[in-house]
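Notes to accompany the following structure.
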Number of protein chains: 2
Amino acid sequence: MSVPARDRTSAARGRRPARPSGDDRELAILTTAERLLAEKPLAAISVDDLARGAGISRPTFYFYFPSKDAVLLTLLDRVVDEADAAMRRVFDAPAAGLRDGWRRAITAYYETFRAHRALTLAWAEARSGNAEVRELWAQVFEAWVQQCADAIQAERDRGAAPSGLPARDLAVALNSMNERVLYATFSGDGPAVAEEAVVDVLLEVWLTTIYQRTMPAA
Amino acid sequence: MSVPARDRTSAARGRRPARPSGDDRELAILTTAERLLAEKPLAAISVDDLARGAGISRPTFYFYFPSKDAVLLTLLDRVVDEADAAMRRVFDAPAAGLRDGWRRAITAYYETFRAHRALTLAWAEARSGNAEVRELWAQVFEAWVQQCADAIQAERDRGAAPSGLPARDLAVALNSMNERVLYATFSGDGPAVAEEAVVDVLLEVWLTTIYQRTMPAA
DNA sequence: GAAGGTTATCGACACCGTGTCGAATGAGTC
DNA sequence: GACTCATTCGACACGGTGTCGATAACCTTC
């Protein structure tokens with residue numbers, strides 16, 4: 001099972017054409033952004049902060065990126081690629097048993113987003129206000145849901161899992177849960193599951209809902 | 001089981017003191033806000049929009065509310081009270097069986113937030129940028145998680161549910177799922193469960209994870 | 001029925017962040 | 001040495017926020 005390409009226009013997001021020298025500046029902006037995001041929320045970072053951090057003036061920033069959000073989008077593209085790659089690795093390697101297969105899939109997301117905590121939080125922050133970010137997330141999420149639904153259906157077809165909820169609905173619910181729970185754990189505000197326990201908690205919910213029949217007639 | 005009071009300073013959020021006449025104006029601002037939120041996202045609504053909508057000038061707005069966010073907070077307080085009231089009704093009325101009890105609890109949230117779709121979306125939008133909103137939500141969420149964890153523990157104690165994940169972790173996961181899934185369903189962007197099916201989908205996940213043992217040793 | 005307080009209102013201002021324009025700089029090419 | 005073209009930034013216009021001080025409307029209370 002391969003991860004479907006999402007056809008993101010990764011290269012077209014940054015500078016207008018592809019330039020020779022100013023690549024360093026573009027990179028400087030990106031690294032400045034990730035550094036600042038570790039310190040303060042996206043809303044508290046101005047274009048001027050980004051520009052100064054990269055050693056250029058504010059107007060010059062606009063030569064490299066059309067807006068602050070475009071920088072975030074570029075950063076996001078990278079993380080998504082990382083997550084997809086991690087996912088592909090999971091599906092390529094043979095799983096040592098049922099539990100282990102699902103565990104590795106959940107761990108793949110967990111690790112990827114944990115490695116980019118600040119970015120993950122900024123992502124959520126930008127999603128509400130920016131249509132492009134929203135659409136990028138929708139694409140990514142759809143791919144995961146589809147993949148997950150296929151996997152559930154395969155388990156049902158081979159008789160390992162009972163039928164019940166439509167596979168897609170279950171996949172949406174489980175992926176939504178993961179997103180929200182991981183976000184809460186990483187952001188630390190509001191009730192959350194402890195970081196050491198979070199993968200196991202999610203895994204139990206996944207296994208139970210996928211492999212167990214719904215409640216016995218009460 | 002009663003819903004614990006969250007000690008919100010509801011009255012202190014609006015106008016500085018409690019005034020006689022200008023109450024209409026305050027109300028006008030609140031209804032304008034909810035009306036505008038049905039049309040456009042929170043970020044696209046300015047203090048000026050709110051003021052004009054209520055028939056006053058921008059500076060006068062600040063006589064009634066310290067900021068745009070304060071208006072939202074006031075609106076949110078009301079919806080939370082509504083949700084708590086609905087919840088209290090659920091726990092007061094005797095349930096016709098296990099499934100029915102949980103179903104009514106999930107439906108209570110669903111109905112409340114569906115009745116204030118626009119507000120629910122604005123809430124999520126404001127949460128990232130505003131600490132007060134974040135804290136209000138954390139309080140509300142914590143109360144629900146606590147209540148839910150208690151209910152699960154009670155079921156385990158009376159032998160109706162098997163032990164497994166810590167009740168609180170399970171409660172956090174399930175409530176997080178509900179939040180995210182309902183949000184996706186109401187907002188309509190990204191993969192979501194259909195509105196007619198969403199309560200049933202959530203219910204099945206709740207029942208299965210609460211009452212079924214985790215996966216049989218595979 | 002003036003005097004004094006409080007409630008409510010708004011014009012004008014200072015501030016900050018965004019995004020654009022047009023003019024300069026400088027490196028490479030013919 | 002003139003021509004291009006990438007790169008840079010000062011200066012501007014715009015739109016939003018929040019505050020200040022002046023003023024109007026309305027109670028009281030003597």
Side-chain angles (χ1 to χ4, degrees), chain A residues 11-33 36-37 39-74 122 125-126 128-133, chain B residues 11-33 36-37 39-74 122 125-126 128-133:
Chain A
R13 191 111 62 207
R15 235 172 338 143
R16 289 90 170 222
R19 282 306 171 320
S21 132
D23 272 352
D24 343 350
R25 292 298 161 89
E26 185 169 340
L27 236 189
I29 293 173
L30 290 170
T31 58
T32 300
L36 290 182
L37 279 174
E39 291 169 20
K40 44 187 171 183
L42 179 64
I45 299 174
S46 69
V47 170
D48 202 62
D49 293 333
L50 258 23
R52 290 184 174 285
I56 55 179
S57 73
R58 209 169 56 78
T60 302
F61 167 92
Y62 289 102
F63 180 80
Y64 291 99
F65 291 94
S67 73
K68 187 173 71 174
D69 287 345
V71 177
L72 186 61
L73 243 353
T74 302
E125 192 183 338
S128 35
N130 181 305
E132 270 189 288
V133 174
Chain B
R13 190 111 63 209
R15 236 173 337 145
R16 289 90 174 221
R19 284 304 174 314
S21 133
D23 272 351
D24 344 350
R25 290 299 162 87
E26 186 167 342
L27 237 191
I29 292 173
L30 290 170
T31 59
T32 300
L36 290 182
L37 279 174
E39 291 169 21
K40 44 186 172 183
L42 180 64
I45 299 175
S46 69
V47 170
D48 202 61
D49 293 333
L50 258 24
R52 289 182 175 285
I56 57 179
S57 72
R58 208 169 57 79
T60 302
F61 168 93
Y62 289 103
F63 180 80
Y64 291 98
F65 292 95
S67 71
K68 187 174 70 173
D69 286 345
V71 177
L72 186 62
L73 243 353
T74 303
E125 192 182 340
S128 36
N130 182 306
E132 269 188 290
V133 174

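Please read all numbers here as calculations on a predicted model, not as lab measurements. First the proteins, then the strands, lettered A, B, ... as listed; each starts at 1. All heavy atoms count here, side chains included; hydrogens, waters and symmetry mates do not.
Taking atom OH of residue B:Y62 and atom C1' of nucleotide C:dC13, one finds them 14 Å apart after rounding to whole Å. When rounded to the nearest whole Å, the span between CG of B:D48 and C1' of D:dT19 equals 16 Å. Summarising the geometry, the separation between NZ on A:K68 and P on C:dC16 is reported as 16 Å, rounded to the nearest angstrom. Between the C1' atom of C:dA8 and the CD1 atom of B:I29 lies a distance of 12 Å, rounded to the nearest Å. Whole-Å rounding puts the B:I56 CD1 to D:dA25 P distance at 17 Å. Rounded to a whole Å, the CD1 atom of A:I45 is 17 Å from the C1' atom of C:dC16. Going from atom CG of B:L50 over to atom P of D:dG18 covers 12 Å, rounded to whole Å. Whole-Å rounding puts the B:R25 CZ to D:dC26 P distance at 12 Å.
Which of C:dG19, C:dT20, D:dC20 sits closest to the side chain of A:P59 comes down to C:dT20. Closest to the B:S46 side chain, of the nucleotides D:dG16, C:dT7, D:dC9, is D:dG16. Comparing D:dT8, C:dC10, C:dT20 by their nearest atom to the side chain of A:Y64 picks out D:dT8. With distances taken from any side-chain atom of B:F63 to the nucleotides D:dG18, C:dT7, C:dT18, the minimum falls on C:dT7.
At least one side-chain heavy atom of B:L72 sits under 4.5 Å from a side-chain heavy atom of B:L37. A:L30 has its side chain within reach of A:F65: a pair of non-hydrogen atoms, C-beta onward, lies under 4.5 Å apart. Contact check for A:D49 versus A:K40: side-chain heavy atoms found under the 4.5 Å cut-off. B:Y62 places a side-chain heavy atom less than 4.5 Å from the side chain of B:V47.
Side chain B:R58 to base D:dG18: a donor-acceptor pair is found below 3.5 Å.
Side chain of A:T60 to main chain of A:I56: no donor-acceptor pair is present (N/O by atom type, distance under 3.5 Å, no hydrogens or angles). Between the side chain of A:K68 and the backbone N or O of A:S46 there is no donor-acceptor pair closer than 3.5 Å. Between the side chain of A:E125 and the main chain of B:S128, no donor-acceptor pair closer than 3.5 Å is present.
Between A:T60 and D:dC9 there is a side-chain polar atom (N or O) within less than 4.0 angstrom of OP1 or OP2.
An angle of 20°, rounded to 10°, separates the two end axes of the helix from C:dG1-D:dC30 to C:dC30-D:dG1, each defined over five pairs.
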